[in-house]
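Each remark here refers to the structure printed beneath this line.
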Amino acid sequence: MNTSDYEKTIEHQFDSFCKTVLRNHARNIYAETKRRNERFISLERLTQAQWNQLSILDDYDSDYICFVTHNFDIRVEDILVAQALESLNKKKQDIILLSFFLNMTNADIATLMNLAESTVHYHKNNALNELKKFMEEHLNEN
Amino acid sequence: MKTEQKILPFTVIVLAVHGDVNAMNQVLKHFEPYINKLSQKTLFDEFGNPYLHIEHEIKRSLETKLILAVTNFELS
């Protein structure tokens, strides 16, 4: 094989090599575009459930009724629940807030409020009954 | 465009493989018609008439790929 033959071979090899590279890469790009287009949907065609996953609503302090107990701020959204809580005395209100809104155990509340655990339990039961009564009475008003 | 079915000369290939800028430009120039063809898309205007459109994103990507591939070409 003389030099010029060798050069010719390389020239042709290079030519076809480049074309193959380009062709394959173009194919990859087309496939990629196609894959993306299949997953592409218009925002308008999302269902409500999908919307909710993707969006958040602003929430403002004014939408809530705030209770303060032992340096915790507790925000209550439901107006009826808030009213019912208002109707309780301070101690019962605290116990309810701490146990149901902050998920504290009776023992934790007892240490925090300096009470016996049974007292907490007793007040809690009472408070729940009062709440139930209050809410049943006022349910029809709203 | 079809008439120039020339092939790149050996010296240019060797230079391009070793990273010479001018030679690389020549290579890109040589394959530009092919790259254009690969990055073409048929789009439709508002009257439904088809027209060819070159996707520059695809074109750039192909060019980059070609440059990388050329530097890896083995001169055996």
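Keep in mind the model is a prediction, meaning the values are calculated, not measured. Naming convention: chains lettered A, B, ... in sequence-line order (proteins, then strands); numbering from 1 in each chain.
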Toward chain B, the part of A:Phe14 with a non-hydrogen atom under 4.5 Å: both
Part of A:Arg27 lying under 4.5 Å from any heavy atom of chain B: neither
Salt-bridge criterion met for A:Arg35 and A:Glu38 (N-O under 4.0 Å): no
Residue-level interface, residues 61-69 of chain B with chain A, non-hydrogen cut-off under 4.5 Å: B:Ser61, B:Leu62, B:Lys65, B:Leu66, B:Ala69
Distance-only check: which donor-acceptor pairs under 3.5 Å involve side-chain atoms of residues 9-28 of chain B, not counting sequence neighbours?
from, atom 1, to, atom 2, distance (Å)
B:His18, ND1, B:Val14, O, 2.9
B:Asp20, OD2, B:Asn22, N, 3.2
B:Asp20, OD2, B:Ala23, N, 2.9

Option passing side chain to side chain donor-acceptor pair (under 3.5 Å) with A:Asp15 (candidates A:Lys19, A:His12, A:Gln13): A:Lys19
Greater than 12 external heavy atoms within 6.0 Å of A:Lys34's NZ: no
Heavy-atom side-chain contact between B:Leu43 and B:Tyr51 under 4.5 Å: yes
For A:Met113 against A:Ile95, the heavy-atom pair lying closest together: SD-CG1, 3.8 Å
Of all pairs that satisfy salt bridge (Lys or Arg N to Asp or Glu O under 4.0 Å), the ones with a partner from residues 103-117 of chain A, not counting sequence neighbours: none
Under 4.5 Å from any heavy atom of chain B - which part of A:Ile29: side chain
Please set out all donor-acceptor pairs under 3.5 angstrom arising from side-chain atoms of residues 118-135 of chain A, sequence neighbours excluded.
from, atom 1, to, atom 2, distance (Å)
A:Thr119, OG1, A:Ala116, O, 3.4
A:Lys124, NZ, A:Asn106, OD1, 3.1
A:Glu130, OE2, A:Lys92, NZ, 2.6

Best-contacting candidate, A:Ile10, A:Leu22, A:Asn28, against chain B by heavy atom pairs under 4.5 angstrom: A:Leu22
